[in-house]
Amino acid sequence: MFKIVHKERLAPHINLFEIEAPRIAKHAKPGQFVVIRLHERGERIPLTIADTNPQKGTITIVAQEVGKTTYELGTYEAGQYLLDVLGPLGQPSHIDKFGTVVMIGGGVGVAEIYPVARAMKKAGNYVISILGFRTKELVFWEDKLRSVSDEVIVTTNDGSYGMKGFTTHALKKLIDEGRKIDLVHAVGPTIMMKFVAELTKPHGIKTIVSLNPIMVDATGMCGVCRVTVGGDIKFACVDGPEFDGHEVDFDELMRRLDYYKDLEKLSFEKWKRERGMV
Ligand SMILES: Cc1cc2nc3c(=O)[nH]c(=O)nc-3n(C[C@H](O)[C@H](O)[C@H](O)COP(=O)(O)OP(=O)(O)OC[C@H]3O[C@@H](n4cnc5c(N)ncnc54)[C@H](O)[C@@H]3O)c2cc1C
Ligand code: FES
């Protein structure tokens with residue numbers, strides 16, 4: 001059992017949990033994730049390790065409410081326990097001195113790029129972070145990203161805060177201005193990562209994306225998380241989740257993410273009915 005020591009609502013439908021998990025806190029590296037299970041009847045879902053505090057023995061996860069399990073997680077409060085937290089899982093991000101690194105986070109992806117941005121900065125890179133949100137009220141962790149970046153550009157789709165448009169618009173502006181970019185690292189909705197990769201490819205800018213396929217065991221035993229990268233089949237949980245964005249078959253990934261849509265809807269409706277929410 002893993003105790004929640006702190007919970008915070010960062011924005012509507014985005015919850016932060018600091019969880020007591022000393023072993024994971026000690027071993028986790030930027031880019032890695034955990035698999036959690038709330039209770040005995042729960043499913044396993046993957047969530048990125050957004051921060052660690054090895055002294056305190058805690059890890060931080062930030063989860064967006066999108067369906068049954070993440071909504072149920074959103075009802076958990078400090079003092080409650082998660083049944084299983086497995087990790088750290090996946091390959092750590094490749095951190096090196098690249099030069100200028102553009103970190104792009106879309107929505108909850110902003111929390112996921114934080115530990116990578118911090119490590120990139122520490123390795124001596126010039127870090128430009130582009131944080132993309134749908135609208136102003138969803139903006140979070142701007143200050144936290146500022147503390148590990150040389151420049152921060154916030155975009156909102158509706159222009160209610162920062163630059164109007166998508167993260168790709170901010171990236172295109174940097175490219176058009178002739179800024180020197182040695183690496184782009186993008187985490188967010190699959191469609192965002194696809195467009196980031198399409199934008200950088202003709203310019204030959206190396207682009208790393210963190211893929212989010214459906215996972216079950218997340219230890220390489222089943223292949224549910226398989227993705228096609230450079231024509232080869234890879235298991236995102238053990239070979240990734242980070243891959244070269246120019247090599248990923250994003251359309252296949254998006255088709256596979258939709259595979260259980262009807263069952264996910266059924267399970268969420270049932271959960272809401274049981275709580276008198278509909
Ligand atoms: C390596 C990795 C890291 C992730 N990190 C984060 C994170 O830090 N914060 C965050 O909010 N989300 C993260 N996700 C996505 C998160 O796992 C899904 O949002 C969650 O599983 C949805 O479960 P649900 O029951 O609430 O929603 P559902 O209604 O079951 O599903 C909603 C959508 O989420 C996706 N999904 C469903 N089940 C899974 C599963 N077992 N594994 C992966 N995706 C699934 C599908 O695309 C589905 O259409 C990550 C995914 C991966 C693979
Ligand atoms: S989730 Fe089973 S192999 Fe990756």
Side-chain angles (χ1 to χ4, degrees), residues 9-19 28 30-39 41-52 59-76 84-93 105-116 138 140-141 186-193 208-227 229 233-243 248 250 252-272:
R9 192 93 160 156
L10 295 179
H13 301 292
I14 300 202
N15 303 303
L16 174 152
F17 297 92
E18 189 183 350
I19 298 163
Q32 291 189 300
F33 63 98
V34 291
V35 159
I36 68 159
R37 196 160 66 111
L38 299 181
H39 50 71
R41 290 184 55 218
E43 62 175 345
R44 300 159 64 93
I45 64 157
L47 295 166
T48 303
I49 302 167
D51 207 354
T52 57
I59 62 165
T60 296
I61 54 173
V62 177
Q64 182 173 18
E65 295 171 346
V66 292
K68 190 237 167 196
T69 302
T70 45
Y71 265 92
E72 188 168 11
L73 175 62
T75 67
Y76 279 55
D84 296 325
V85 180
L86 174 73
L89 300 168
Q91 299 298 328
S93 306
V108 74
V110 166
E112 300 170 31
I113 61 168
Y114 170 72
V116 184
L138 298 176
F140 70 92
W141 276 21
V187 187
T190 312
I191 190 80
M192 181 202 91
M193 296 191 284
I208 300 296
V209 292
S210 180
L211 301 184
N212 55 346
I214 293 184
M215 293 187 179
V216 180
D217 61 292
T219 55
M221 290 193 290
C222 73
V224 162
C225 64
R226 70 183 175 273
V227 286
V229 183
I233 291 183
K234 299 281 181 191
F235 289 2
C237 68
V238 284
D239 300 320
E242 290 173 7
F243 294 101
V248 171
F250 285 104
E252 178 194 59
L253 173 60
M254 285 190 276
R255 276 198 306 276
R256 288 180 61 80
L257 276 167
D258 275 351
Y259 200 78
Y260 296 104
K261 227 177 191 148
D262 294 343
L263 286 170
E264 285 158 357
K265 198 162 165 249
L266 259 179
S267 152
F268 191 27
E269 293 301 323
K270 180 169 174 279
W271 182 78
K272 283 193 285 190

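When a ligand or atom number is given, it counts from 1 through the structure's own listing order. Only a predicted model underlies this, so the values are computations on that prediction, with no experimental measurement involved.
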_Polar atom proximity, Ala63 to ligand 1 (N or O, under 3.5 Å)_ = no
*Is Val108 close to ligand 1, meaning an N/O of one under 3.5 Å from an N/O of the other?*
no
*According to the interplanar angle, ranging from 0 to 90°, do the rings of Trp141 and Tyr114 count as parallel (below 30°), tilted (30 to 60°) or perpendicular (above 60°)?*
perpendicular
*With salt bridge (charged side-chain N to carboxylate O under 4.0 Å, His left out) as the test, would you mind laying out the steps for Glu252 and Arg255 before giving the verdict?*
CA-CA 5 Å; Glu252 178 194 59; Arg255 276 198 306 276; 5.3 Å; no
*Near Pro213, which atoms of ligand 1 are under 4.0 Å from a heavy atom of that residue?*
42 (N), 43 (C), 44 (N), 53 (C)
*Tell me which one of Ser210, Gly42, Pro46 gets a heavy atom nearest to atom 4 (C) of ligand 1.*
Pro46
_Just to be sure I read this right, does ligand 2 sit under 4.0 Å from the backbone of Met221, its side chain, both, or neither, counting only heavy atoms?_
backbone
*asked:* Judged on heavy-atom distance to atom 20 (C) of ligand 1, which of Thr60, Asn15, Thr70, Ile36 sits nearest?
replied: Thr70
_If I take atom 4 (Fe) of ligand 2 as the centre, what angle separates the SG atom of Cys237 from the SG atom of Cys225? Nearest 10 degrees is fine._
100°
_Lys270, NZ: over 12 other non-hydrogen atoms inside 6.0 angstrom_ = no
*Is atom 18 (C) of ligand 1 less than 4.0 angstrom from at least one protein heavy atom?*
no
*N, O or S from Cys222 under 2.8 Å to atom 2 (Fe) of ligand 2*: yes
